[in-house]
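Scroll down for the structure; my scribbles are underneath it.
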Amino acid sequence: MPRPAAPIALVTDYGLQDPYVGVMKGAILSVHPAAVIVDLCHGIPAQDVAAGRRVLASSAPYFPEGTVFVGVVDPGVGTARAALAVESRGRIFIGPDNGLLDLPSPDRIVRLEDPRWFRPTVSRTFHGRDLFGPVAAHVAKGLDLDRLGTRQKDLVRLQIRGTTVRRGGLEGRVVSIDRFGNLITDLDAADVPDPPRVRLGRWTIRGWTPTYGSAKPGTLIAVAGSTGHLEISVTLGDARRRTGARIGDTVRVAKDTA
Amino acid sequence: MPRPAAPIALVTDYGLQDPYVGVMKGAILSVHPAAVIVDLCHGIPAQDVAAGRRVLASSAPYFPEGTVFVGVVDPGVGTARAALAVESRGRIFIGPDNGLLDLPSPDRIVRLEDPRWFRPTVSRTFHGRDLFGPVAAHVAKGLDLDRLGTRQKDLVRLQIRGTTVRRGGLEGRVVSIDRFGNLITDLDAADVPDPPRVRLGRWTIRGWTPTYGSAKPGTLIAVAGSTGHLEISVTLGDARRRTGARIGDTVRVAKDTA
Amino acid sequence: MPRPAAPIALVTDYGLQDPYVGVMKGAILSVHPAAVIVDLCHGIPAQDVAAGRRVLASSAPYFPEGTVFVGVVDPGVGTARAALAVESRGRIFIGPDNGLLDLPSPDRIVRLEDPRWFRPTVSRTFHGRDLFGPVAAHVAKGLDLDRLGTRQKDLVRLQIRGTTVRRGGLEGRVVSIDRFGNLITDLDAADVPDPPRVRLGRWTIRGWTPTYGSAKPGTLIAVAGSTGHLEISVTLGDARRRTGARIGDTVRVAKDTA
């Protein structure tokens with residue numbers, strides 16, 4: 001039975017300055033005029049496949065089952081890399097096979113092979129418009145994934161430098177910094193010893209603070225953020241400016257025994 | 001009778017770089033798959049509650065009656081501050097009770113208390129996703145405000161530093177500067193003496209100019225802007241660059257008697 | 001017969017920092033609550049009519065027939081410049097008559113004259129909200145263009161400094177630079193001699209590269225981009241940073257005879 005009105009959520013590194021996202025939406029509407037298209041995020045740093053994968057994986061649970069995600073972070077567009085549709089936890093993900101779709105529990109992995117679901121002419125530089133967008137439109141209209149091409153067993157895995165266990169603690173990294181200057185780490189808050197002692201460069205934070213606003217303005221705090229990861233923040237302030245931290249900086253946590 | 005297809009308009013300080021807005025939309029669609037969601041403005045300066053309130057108040061009249069606005073400028077997210085739904089002039093506003101919803105003629109003020117309308121798990125850092133978005137989705141589907149919680153009589157008022165009367169004139173401020181470099185003041189154009197003499201720092205402007213383009217290119221002009229406030233502009237140019245003005249700068253107007 | 005569910009695609013220089021785009025959408029929904037509104041591009045450089053026209057012309061073919069485009073790059077808003085609806089290749093374009101709508105094969109050109117289709121009050125500074133948006137909403141609902149006003153034969157043409165033929169080659173310009181640092185030229189890839197020798201400042205590129213990713217990382221390459229024009233790129237890099245090029249820089253191509 002076709003899924004009725006599955007939304008199409010877009011994650012790209014196209015930004016919003018240029019017309020790329022808009023043109024991709026035109027191509028989607030050309031196939032599926034009633035499509036509900038959601039801009040999930042177009043601010044992925046250019047060609048940063050790992051950041052795109054992180055946004056897809058952490059955001060998907062908040063969308064309805066059946067949502068079709070289009071992921072386009074694709075430095076190899078037009079080369080031999082494959083294009084895929086992946087079913088994971090009741091959602092569908094369409095994009096290049098370059099690690100972007102390395103999602104938990106892939107229940108089905110199908111290669112995009114049948115050109116019937118593409119634009120009649122496929123450029124070698126803009127597969128969001130010519131391939132991923134149209135395929136997502138067909139899938140959102142109810143097309144079964146198996147009609148897109150042949151199944152494959154595996155996909156390109158992303159080399160994720162995970163968090164590591166160190167003498168009595170954990171070591172992770174700052175993986176993104178948001179508009180508010182919150183430093184978002186790859187340390188799962190559930191794995192962090194409680195109460196924690198958090199070290200970032202020359203800064204030390206002791207204990208969790210329950211919300212951004214529950215410490216004195218200007219305090220550097222550790223918060224369990226909305227995706228379940230440790231965040232370093234400043235109450236009513238900006239932790240990036242305060243600490244000078246950058247993406248990739250090491251963050252160490254241990255049990256605060258003092 | 002439920003309102004059919006009320007749009008949901010979003011005003012936040014989330015920006016568009018991060019996936020916060022997109023994830024909030026996912027949470028809305030999870031409740032109300034047919035929701036019509038409009039990005040009204042996500043460029044509110046971080047944690048600037050007064051700027052958020054100004055955008056809500058000045059934009060709402062241009063949306064259909066019944067529109068549900070979600071306002072999220074919320075430095076106190078997860079603290080004891082209340083969350084509200086406010087009915088004002090035929091529109092509904094959902095957000096934190098921190099001054100953001102200090103709107104004209106609030107006909108109904110209801111606390112968001114019943115967790116049935118929230119996400120099953122409410123984080124302490126992302127109420128746009130877990131609380132305001134889902135509640136707005138239920139209201140846009142037709143839920144009566146009184147089912148959200150108990151009414152209250154008042155809400156947090158914003159300390160707005162109004163315009164002041166000075167010897168034969170008015171004093172106000174630059175409250176925002178748009179992409180074109182137009183300096184938008186809090187001076188109601190209807191209150192400005194006609195013809196006006198406008199003073200900003202060392203600059204003086206005499207008389208109104210009817211449109212941005214009706215003076216010689218490069219002229220510094222005073223215009224009655226689209227929200228009914230005095231704006232200082234440069235024809236085919238940028239008044240911010242020309243004057244070096246900043247948000248908060250004083251603007252004085254008097255009758256031009258020369 | 002009214003066009004059912006024609007999408008409305010917006011191209012403006014409003015940016016997304018300010019609420020202008022959102023308020024324009026409110027005005028559209030006030031006329032046409034079921035409108036499907038697409039942000040095609042709001043990143044047109046402020047008051048750059050030629051850039052707006054280029055985005056409209058190059059993007060329209062990727063949208064469904066019947067799509068109503070609203071173009072607002074309008075430094076003369078509120079002055080005597082006319083406002084138009086133009087039918088071109090099965091799509092409708094609404095905007096100021098300042099060159100923005102100088103599109104191929106205009107089949108119908110109608111002046112926006114009948115105020116019945118405008119907001120009841122039309123400001124002199126925000127025609128996107130008060131005039132173009134509402135008119136587009138009526139047209140998307142099925143209103144025939146001829147009910148908007150009287151036809152005219154011609155519209156303001158844009159002085160486009162075209163590419164020029166030079167001894168055995170062509171000369172064009174960099175007309176835009178995208179988020180990835182790709183330098184997009186006005187040279188039609190189909191007109192470029194094959195194999196090409198491309199000159200930009202002190203840089204020379206020899207031959208076409210089929211995709212961004214098919215050369216060694218860091219290579220400066222010439223690609224036939226997604227709009228059919230010559231682009232200068234760097235594989236896994238940024239051609240703007242590499243070359244220091246700016247919009248307007250001259251690009252020369254000739255047949256590579258070596």
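Worth saying up front: this structure is predicted, and the values here are computed from it rather than measured. Reminder, nothing fancy here: chain letters follow the sequence lines and each chain counts from 1.
- Highest contact tally toward chain C, considering only A:Arg129, A:Gln47, A:Arg119, is held by A:Arg129 [criterion: heavy-atom pairs under 4.5 Å].
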Step-by-step side chain to side chain donor-acceptor pair (under 3.5 Å) determination, C:Thr12 to C:His42: CA-CA 5 Å; C:Thr12 76; C:His42 300 294; 2.8 Å; yes

Check against side chain to side chain contact (heavy atoms under 4.5 Å, CB included), A:Ile94 and A:Val86: CA-CA 6 Å; A:Ile94 313 276; A:Val86 176; over 6 Å; no

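- C:Asp144 has a carboxylate O that lies under 4.0 Å from a charged side-chain N of C:Arg108, or vice versa, which qualifies the two as a salt bridge.
- By the 6.0 Å contact criterion, CZ on A:Arg241 is open, its count of non-hydrogen atoms from other residues, nucleotides or ligands being 12 or less.
- Proximity to chain A (any heavy atom under 4.5 Å) is restricted, for C:Pro61, to the backbone atoms N, CA, C and O.
- Here the CD1-CD1 distance, from C:Ile92 to C:Ile8, works out to 12.0 Å after rounding to the nearest 0.5 Å.
- Counting heavy-atom pairs closer than 4.5 Å to chain A, the top-ranked of the candidates C:Gly181, C:Ser226, C:Ser233 is C:Ser226.
- When A:Asp18, A:Ile37, A:Asp39 are compared by the number of non-hydrogen pairs under 4.5 Å with chain C, A:Asp18 comes out ahead.
- A ring-centre distance under 6.0 Å is found for A:Phe63 and A:Phe69.
- When each of A:Glu87, A:Arg147, A:Arg151 is paired with A:Val110, the side-chain contact (heavy atoms from CB on, under 4.5 Å) condition holds for A:Arg151 and for no other.
- Chain A forms the most heavy-atom pairs under 4.5 Å with one residue out of C:Ala60, C:Pro7, C:Cys41, C:Ala9, and that residue is C:Cys41.
- Heavy-atom distances place the side chain of C:Leu16, and not its backbone, under 4.5 Å from chain A.
- Within residues 19-35 of chain C, no residue has a heavy atom under 4.5 Å from a heavy atom of chain A.
- In this structure, the portions of C:Tyr62 lying under 4.5 Å from any heavy atom of chain A include both its backbone and its side chain.
- Contact of C:Ile184 with chain A is made through the side chain alone, with heavy-atom distances under 4.5 Å.
- For the pair C:Arg179 and A:Tyr14, the NZ or CZ position fails the cation-pi test of under 6.0 Å to the six-membered ring centre and within 45 degrees of the ring normal.
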Full working for side chain to side chain donor-acceptor pair (under 3.5 Å) between A:Thr150 and A:Glu113: CA-CA 7 Å; A:Thr150 51; A:Glu113 290 169 334; 3.0 Å; yes

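- Proximity to chain C (any heavy atom under 4.5 Å) is shown, for A:Arg81, by neither the backbone nor the side chain.
- For A:His127, no part lies under 4.5 angstrom from a heavy atom of chain C.
- Residue A:Asp74 does not touch chain C at all, counting heavy-atom pairs closer than 4.5 Å.
- Residue A:Pro134: no heavy atom, backbone or side chain, is found under 4.5 Å from chain C.
- Under the 3.5 Å distance criterion, with hydrogens and angles disregarded, no donor-acceptor pair is assigned to the side chains of C:Asp186 and C:Thr163.
- Ranked by heavy-atom pairs shorter than 4.5 Å toward chain C, the options A:Ser123, A:Gly78, A:Ala80 are led by A:Gly78.
- A 6.0 Å sphere centred on CZ of A:Arg157 holds more than 12 heavy atoms belonging to other residues, nucleotides or ligands.
- The backbone N or O of A:Leu56 lies less than 3.5 Å from no partner atom in the side chain of A:Ser59, so there is not a single donor-acceptor pair.
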